[in-house]
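Please read the structure below before turning to the comments.
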Amino acid sequence: MMERLPTELLVDIFTWCTHSAALTAITLGKVCRRWKAIIHHFPCLFQFIVLDDRSLSFYLANQIANHFLARSSGLPFDVDINIISRDSLLPLLSPFLNHLGRWRSCTIGGAKEEAVHFGEFWDKGNGEPKLEELDIDVLDLAEMDAMTENTPTQAATVGDVIPLGTFKPYTISLTSNLLFMTVVLSKLPSPLTLSPLRFVTLSITESPLTLSIRPDDLLRFLTVCPELEFFSFTGSILEPVIAFEDTRHPPPIVSLPRLRSLVLHRTLATRILLSYLHTPALRELYLEHLNVDFDFPVLNPYLPLPSLEPMHSSSFVPFPPPGVESHASTSGHPPSPTLHPSPRSLSSGFECALEDGDSDDEFSDYSQSPRSDHATGMGLRSLLSRSSPPLRVLEMDYADMRTKDFTWLFSHALSLTDFRIVASDMSDRVVRMLAPDANGMMLLPRLRSLELINCQRLSGTAIVEAIRERARATDGYIAEGQTTDVFPLEDVAVVRCVNFTNDDGLGLAEILGERLRFH
C-alpha cells in the first residue's frame with residue numbers, strides 16, 4: 001500500500017512524523033531505498049528539530065542538531081525541546097544560536113514553558129539577525145525549583161515582551177536585528193556540552209548568599225565564547241571550594257582576543273580569574289566591591305610545584321587556611337610562575353607554589369582588607385604581564401591593592417588614561433608616585449583623568465603636592481611647545497577624602513582651574 005502512495009503525499013506524512021521524536025527523519029530513511037531517496041532529496045523533512053534531555057545526551061543532541069541544520073539546506077527551521085532541568089536549556093539551544101536568520105520558532109516544555117516566534121523580532125531592513133548579549137543567572141537548586149513551580153507559560157512577541165522570556169529584542173540599538181538572551185541555571189554548563197557561543201556581551205551573576213561558582217568552571221565556560229568584547233561577572237563573596245584533587249587539573253589559559261571591557265564584581269576569585277585570562281585588546285577594567293576584611297586563601301592553588309629535583313619543605317607553602325600568611329620574594333614579571341623559598345612551612349592545607357610578588361608588602365602600609373588587596377594586586381599583575389593590553393581605563397570601586405602592587409602597576413600601565421579609585425586605603429606613598437621624579441620622569445605618562453573618592457588615609461598635603469608637581473610639569477611641556485609622550489591632566493576629582501580640606505582644594509585649583517572637582 002505505502003509503495004503506491006505518491007512522493008508528495010509521503011513527504012507530507014513524513015513531515016508530520018518528524019514532529020514526534022528527534023531521530024524520526026533519520027529512521028524513516030532506513031526503511032527502504034525509496035524512502036531513503038525521499039529523505040535525501042527533500043530538505044524540508046529536516047526543518048523541524050525535536051530534542052530533549054531525558055533520552056538524549058548533550059553530545060548526541062548536538063550531533064542531531066548540527067545534522068538537521070546541514071540537511072535542511074538553508075531552509076527556515078523550528079525547534080521543539082522538552083527539558084526536565086533548566087540546566088539543559090543552553091546546551092540544547094547552543095547549536096541554533098549561530099543560525100538566527102533561519103530560526104522561525106522555539107517551543108520549550110517541561111521545567112520551563114515558553115514559545116518564541118523569532119520572525120516577529122526582525123526588521124528585514126536592519127541586516128542579518130545576531131545574538132548580541134547573553135545573561136546567565138546562577139541560582140541554587142532550591143531557588144531553581146521555586147522558579148519552576150511559579151513561572152507561567154510565556155509567549156514572547158514584539159508588542160508584549162515578557163521579562164522572564166529567554167529571548168528578547170536588544171532594544172539599545174534600534175537599527176540592528178540584535179537579540180538578547182537570558183537563562184537561569186544551577187551551574188555553568190561544561191564546554192563539552194556546548195557549540196561555540198558567538199555573542200559579544202556576556203554577564204554572569206551568581207546567587208549572592210548560597211552559591212559559589214568555581215573559578216575553573218567559569219574559565220572553562222569562557223573557552224566557548226571566543227568573540228566576547230564585554231564580560232561582567234558578579235560573584236557571591238563566598239570562598240571557592242577547591243580540593244587538592246582539583247589542583248591536578250588547572251584551568252586553561254582562556255584567550256579572548258576581542259575582549260575590550262572586563263568587570264569583576266563581588267568575588268573572592270579575582271586572582272585566579274585574572275591569572276588565566278589572555279586579553280590582548282583589553283581597554284577597560286572595572287574591579288568592584290572586592291574588598292573584604294576577613295581572611296581567605298589568596299595564593300594560586302593551580303600553579304605547578306617544583307618536582308624536577310628534591311626540594312626542601314620551605315620551597316613551597318600550603319594553600320593557606322584562613323588567617324595564615326604566606327611569604328616570597330618580589331619581582332614583577334610572570335606569566336610563568338617563579339618559585340621562591342618560604343621562611344616557614346605550614347602543617348595544614350595543601351602545598352602551593354609562590355609567584356614573584358607574593359611576599360609581604362615591604363612598605364607595611366595599613367589596610368583594612370590585606371587579603372583581598374593581595375589577591376587583587378597579584379591577579380592584575382598576572383593579567384597585564386601575560387596580555388600587555390592597551391589598557392585605557394582602570395576603575396577600582398571598593399577594590400584595593402598593596403603599595404607594592406600600585407608601584408608595579410604604575411610602572412607597567414603605560415597606556416592608562418583614566419584612573420578612578422573609591423574607598424582605598426592607599427597611603428601618601430602611592431599618590432606621591434604620580435609626581436615627577438628627580439629626573440623629571442613620570443609614571444602613568446598618558447594619565448588624563450584622576451579620581452580619588454573616599455580615600456581616607458591620603459593627606460591633603462600629599463594629594464596637593466603630587467598633582468601640583470605633575471600638572472606644572474605637563475602644562476609646562478605644552479607651554480614650551482615640547483613634543484612629549486606625557487599627557488597633561490584634563491580632569492581631577494578629589495571627593496570625600498576627609499583629610500583633603502577646602503584650603504587644599506583652593507590651593508590645587510590655582511594651577512588646575514576648572515579641571516579640578518572637589519568636595
Side-chain angles (χ1 to χ4, degrees), residues 47-49 51 61-62 65-66 68-69 72 74-81 83 86-109 112-138 147 151 153-185 188-189 191 193-205 221-222 224-233 256 258-261 263:
Q47 288 182 268
F48 195 85
I49 308 168
L51 300 174
N62 282 341
N66 288 321
F68 273 59
L69 288 169
S72 56
L75 294 174
F77 63 87
D78 304 282
V79 176
D80 186 296
I81 68 171
I83 53 175
R86 284 174 175 260
D87 290 341
S88 304
L89 188 61
L90 187 57
L92 290 180
L93 293 182
S94 65
F96 311 112
L97 297 176
N98 298 322
H99 303 273
L100 290 178
R102 298 170 51 197
W103 199 353
R104 279 189 307 212
S105 69
C106 179
T107 304
I108 304 170
K112 180 178 175 64
E113 301 285 339
E114 185 176 358
V116 182
H117 302 283
F118 291 100
E120 299 175 349
F121 291 153
W122 314 133
D123 184 334
K124 293 183 179 180
N126 286 340
E128 186 72 16
K130 181 180 179 181
L131 181 63
E132 177 75 6
E133 180 173 348
L134 172 64
D135 276 12
I136 300 176
D137 289 318
V138 183
M147 287 190 62
T151 300
T153 301
Q154 303 152 30
T157 65
V158 168
D160 184 21
V161 179
I162 298 175
L164 293 177
T166 301
F167 298 99
K168 310 176 189 67
Y170 197 74
T171 55
I172 292 178
S173 174
L174 301 179
T175 60
S176 300
N177 284 327
L178 303 179
L179 198 64
F180 177 99
M181 181 180 182
T182 179
V183 293
V184 179
L185 311 171
L188 292 176
T193 68
L194 298 166
S195 295
L197 304 173
R198 303 195 181 280
F199 43 79
V200 298
T201 300
L202 171 64
S203 176
I204 299 177
T205 303
F221 177 79
L222 292 176
V224 296
C225 308
E227 297 182 13
L228 276 186
E229 297 180 16
F230 306 92
F231 172 51
S232 173
F233 173 64
L256 300 175
R258 300 184 183 183
L259 192 72
R260 291 183 288 157
S261 181
V263 181

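Side-chain atoms are counted along with the backbone in the values below, which use heavy atoms only and exclude waters and symmetry mates. Since the model is a prediction, treat every value here as computed from it, not as a measurement.
The closest side-chain heavy-atom distance from Glu128 to Asn177 is not below 4.5 Å. Between Thr205 and Phe233, the closest side-chain pair of non-hydrogen atoms is not below 4.5 Å. Looking at heavy atoms from C-beta onward, Leu51 lies out of side-chain contact with Phe68 at the 4.5 angstrom threshold. Using a 4.5 Å heavy-atom cutoff, the side chains of Ile204 and Phe231 are in contact. Side-chain contact check for Asn62 versus Ser94: some heavy-atom pair is nearer than 4.5 Å. In this structure the side chain of Leu202 reaches within 4.5 angstrom of the side chain of Leu222, judged on heavy atoms. Leu194 places a side-chain heavy atom less than 4.5 Å from the side chain of Pro91. Residues Thr166 and Met181 meet the side-chain proximity criterion, which asks for heavy atoms closer than 4.5 Å.
Each salt bridge (Lys or Arg N to Asp or Glu O under 4.0 Å) pair with one or both residues in residues 93-109, not counting sequence neighbours, appears once here: Asp78-Arg104.
Annotation: the span from Trp103 atom CH2 to Ile49 atom CD1 amounts to 9.0 Å, rounded to 0.5 Å. How far CG of Leu179 is from NZ of Lys130: 12.5 Å, rounded to the nearest 0.5 Å.
In this pair, Phe77 and Phe96 present their aromatic rings tilted. The plane angle is within the 30 to 60° band.
When all heavy atoms are compared, the tightest approach of Asn66 to Pro95 is OD1-CB, 3.9 Å.
Only one option out of Phe121, Phe180, Phe118 pairs with Phe167 in a ring-ring contact (aromatic ring centres under 6.0 Å, His included); it is Phe118. Looking at Ile136, Asp87, Leu90 one by one, the single match for side-chain contact (heavy atoms from CB on, under 4.5 Å) with Leu188 turns out to be Ile136.
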Checklist line | Candidate pair Ser203 and Thr201, rule side chain to side chain contact (heavy atoms under 4.5 Å, CB included), full reasoning | finding: CA-CA 7 Å; Ser203 176; Thr201 300; 5.7 Å; no

Next item on the list: Quick one: do Arg260 and Phe230 satisfy side chain to side chain contact (heavy atoms under 4.5 Å, CB included)? Show the steps, please.
Entry: CA-CA 6 Å; Arg260 291 183 288 157; Phe230 306 92; 3.2 Å; yes

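When the side-chain hydrogen bond (donor to acceptor under 3.5 Å, both in side chains) test is applied to Arg258, no partner is found at least two apart in sequence or on another chain.
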